[in-house]
Each structure stands twice: as structure tokens, then as C-alpha cells.
Amino acid sequence: MKEGRTVVTTVPVDEDGVVDLDALSELMVTADLVSVMTVNNEVGTIQPIEDIGALCIGQGVPLHTDAAQAIGRVPVDMETGITFATLSSHKIYGPPGIGAICAQPEDISLLKPLMSGGGQERGLRPGTLPTPLCVGFGEACALAVRERERDAEQASALAESFLEHLDTAGVVYAVNGSRDERVAQNLNVSFDGVEAEALLARLPSVALSTGSACSSGAIRPSKVLTAMGLDGDRVRSAVRIGFGRGTGPRDVHDAAAKVAAVVTALRGQSV
């Protein structure tokens, strides 16, 4: 922070989307806060948050992590150097419209309210809490913890099945992000020679996306994939595929068959 201005410096990542720890260590010397997503929302890469936390402890810099994509998918431990963690209810099948900031007790005073008022909430927010949403969010968190391993096993099997169907259909593709250090619920795939927007336009019955929901409607190339060093063609041909509790083997089979057919058709047209 300099003269009332917030200066944001972006830490580079490798080809899998993993934060460069050496670069982070150098940059945090003059930092007031480090903010890293535990799990990336576009490619599903899991960050080494414990290592990042250790660096932050060593430098005495607060660490914020966006754990919205991590809760219910990977363990998140506030005792690993995390100062603040932000969560979102709807990401774990809870009611939409509510989120949470987890904070170390001694660091709550560092939070600055966006709106004034609300002495009952330590001055952090005005208004009355939506009790039904709070209860629903809490139950969703409890269920996410109980079902985490089962959800991961199911999603992993579905993701592998999806890719196997593409292989069987002879569709060439490239998985973006780490094949190992990723959450099974997220799969980001590029189809060389196929514009992702054209692919989605011909798959109205399949719910896919070209990026995160946060960037819905954006026409610029994905900042995440670009930061990973992928070339423009691979970025423009990337689609994000999600697997959740409600997804079944038949859903995956049908979706993969439709994707394979459209990719084949579009590649044929471009020859």
C-alpha cells in the first residue's frame, strides 16, 4: 500500500497453473497481503497452500485464500498459515446468497467493512443475518466434510470415463492444468482446431463453459490459461467441464458422445 493506493502484483505460475514459490517469496518482502486461490476455478489446479502459508509466516505477511472451490474437495486448515479464507455456500450445494470469511481471531480487526453499522457484528456488517441461509450453509459444510472422499472418488471416475469416451471416439484433446494436482470435479480440455464458442453453440443440451462463471460473457481470452503460457489457439479451444454429486455415468456417456460428434464435425468443416 503506497500513499493510499493499492498496488496489486501478480505472481507468475507454471504450465500447470501452480504458483511460483520462489517468485512469491521475493515479491512478498514488500507485500501487505498475499492472496491465492486454494483451488483454481478454471483448471482445478490445487495450490501448495501449506507451503505458501509457511512462507507468509516466515515473512510475517497475512495470507488470504479463496477457498470457494476447495471446500468439500480438499482439506483446508486455518492452522497452516491462513489468516483469512473466503467461502461460498452454493459451491457446496448450499443455499445461494450467502458466503463466509473465516479469520484468525487476532486478525479480525484487519478486516474493513464495506458498509457502516452493525455493532452486533463487531462493526463488520450492518443488518440482520439470514438465519435460514446460515443454517443451510452450515449443514452444507458439514455434509461436504462427510462426503468429501466419496464425492472425489465419484468425480474422478466420471472424469476418467469422459476422457476414455473421447479416446474411444478418436478425438484428440489436451488437458489443461495438472493431471495429478487437481480436484476431480473440474476438467479443462482444449480441442485443437475447434473454437470453444462454436463448440458450445452446437451443444445446447450439454452444460459446458469456456471459463469461470465469474467471467461469463467476456470475450477476452482466459487470463488463467494465458498466464499458464498456453498459446492462443489452445486457449480459444478450451472448455471447462464439471462433475458433481448429481452427475451419473449415463450423463457422462451422453455428453462425451455429443462433444465427440461436434468436435469431429467442426474439424471436418475446417479442413
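Start at 1 with the first residue, then count along the sequence. These numbers come from a predicted model, not from an experiment.
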Practice problem: Before giving the answer on side-chain contact (heavy atoms from CB on, under 4.5 Å), spell out for Met228 and Glu15 the whole-Å C-alpha distance, their side-chain angles and the decisive distance to 0.1 Å. | Solution: CA-CA 5 Å; Met228 290 164 55; Glu15 65 275 8; 5.6 Å; no
Practice problem: For Ser190, enumerate each residue passing the side chain to side chain contact (heavy atoms under 4.5 Å, CB included) test, keeping only those at least two apart in sequence or located in another chain. | Solution: Asn176, Arg234, Ser237, Ala238
Exercise. Establish, from distance only, whether the side-chain atoms of Tyr173 and Asp192 form a donor-acceptor pair under 3.5 Å.
Key: no
Exercise. Report yes if some heavy atom in the side chain of Asp32 is under 4.5 Å from a heavy atom in the side chain of Val61; otherwise report no.
Key: no
Self-check item: Check ion pair Lys258-Asp254 (N to O, under 4.0 angstrom)
Solution: no
Quiz item: Mind checking whether Leu199 and Leu230 sit in one hydrophobic cluster, side chains of I, L, V, M, F, W, Y counted as touching below 4.5 Å?
Solution: no
Exercise. With the side chain counted from C-beta on, respond yes when Thr247 and Val252 share a heavy-atom pair under 4.5 Å apart, and no when they do not.
Key: yes
Quiz prompt | Thr264 side chain near Val171 side chain, heavy-atom distance below 4.5 Å | solution = yes
Quiz item: From Glu139 CD over to Cys134 SG, what is the distance, rounded to the nearest 0.5 angstrom?
Solution: 12.5 Å
Quiz item: Quick one: are Phe243 and Asn186 in side-chain contact, heavy atoms under 4.5 Å?
Solution: no
Exercise. Measure the spacing between CD1 of Ile57 and CG of Leu63 and express it to the nearest 0.5 Å.
Key: 9.0 Å
Quiz item: Rounded to the nearest 0.5 Å, how far does CD of Gln104 lie from CG of Leu110?
Solution: 11.0 Å
Self-check item: Contact summary for Val18 and Pro48, nearest pair of heavy atoms
Solution: CG1-CD, 3.8 Å
Quiz item: Taking everything shown except Ile108 itself, do over 12 heavy atoms lie less than 6.0 Å from its CD1?
Solution: yes
Quiz prompt | Ser222 and Glu42: side chain donor to acceptor below 3.5 Å | solution = yes
Quiz item: Can any side-chain N or O of Arg182 pair as donor or acceptor with the backbone N or O of Val43 at less than 3.5 Å?
Solution: yes
Quiz prompt | Distance-only polar pair, side chains of Thr83 and His64, donor-acceptor under 3.5 Å | solution = no
Self-check item: Side chain proximity check, Leu87 to Cys102, heavy atoms < 4.5 angstrom
Solution: yes
Self-check item: Pairwise side-chain contact, Met28 with Cys56, heavy-atom cut-off 4.5 Å (strictly under)
Solution: yes
Quiz item: Is Met78 reachable from Ile52 through a run of hydrophobic residues whose side-chain heavy atoms are each under 4.5 Å from the next?
Solution: yes
Exercise. State whether Glu153 and Arg150 are salt-bridged, where the test is any N-O pair (Lys NZ or Arg NE/NH1/NH2 against Asp/Glu carboxylate O) under 4.0 Å.
Key: no
Practice problem: Decide side-chain contact (heavy atoms from CB on, under 4.5 Å) for Val39 and Thr45; before the verdict, give the C-alpha distance in whole Å, the side-chain angles of both, and the deciding distance to 0.1 Å. | Solution: CA-CA 6 Å; Val39 173; Thr45 295; over 6 Å; no
Quiz item: In Å and rounded to the nearest 0.5 Å, what is the OG to CD1 distance from Ser88 to Ile71?
Solution: 11.0 Å
Self-check item: Residue Glu149 excluded, over 12 heavy atoms near CD under 6.0 Å
Solution: no
Quiz item: Looking only at heavy atoms, which two atoms of Leu200 and Leu208 are closest? And how far apart?
Solution: CD2-O, 3.8 Å
Practice problem: May I have the step-by-step check of side-chain contact (heavy atoms from CB on, under 4.5 Å) for Val224 and Asn40, ending in yes or no? | Solution: CA-CA 9 Å; Val224 172; Asn40 183 266; 3.7 Å; yes
Quiz prompt | Test item: Ile98 and His90 side chains (from C-beta on) under 4.5 Å apart, heavy atoms | solution = no
Practice problem: Check whether any side-chain N or O of Ser161 sits under 3.5 Å from a backbone N or O of Ala157 as a donor-acceptor pair, and report yes or no. | Solution: no
Quiz item: Are the side chains of Asp66 and Thr38 in touch, meaning some heavy atoms are under 4.5 Å apart?
Solution: no
Quiz item: How many angstroms lie between OG1 in Thr65 and CD1 in Ile49, if you round to the nearest 0.5 Å?
Solution: 3.5 Å
Quiz item: Is there a donor in the side chain of Ser209 and an acceptor in the side chain of Arg240, or the other way round, less than 3.5 Å apart?
Solution: yes
Exercise. Considering non-hydrogen atoms only, spot the tightest contact between Ala256 and Leu166 and give its length.
Key: O-CD2, 4.0 Å
Quiz item: Looking only at heavy atoms, which two atoms of Val183 and Arg73 are closest? And how far apart?
Solution: CG1-CB, 3.8 Å
Quiz item: Which atom names give the shortest non-hydrogen contact between Val76 and Ile82, and what distance separates them?
Solution: CG1-CD1, 4.1 Å
Exercise. Might you work through the side-chain contact (heavy atoms from CB on, under 4.5 Å) test for Gln59 and Val34, ending with a clear yes or no?
Key: CA-CA 11 Å; Gln59 293 288 349; Val34 170; over 6 Å; no
Quiz prompt | Asp77 backbone acceptor or donor facing Thr80 side chain under 3.5 Å | solution = yes
Quiz item: Roughly how far, to the nearest 0.5 Å, is the CG atom of Asp16 from the CD1 atom of Ile46?
Solution: 12.0 Å
Self-check item: Taking every non-hydrogen atom, the tightest pair across Ser178 and Asp180
Solution: OG-N, 3.1 Å
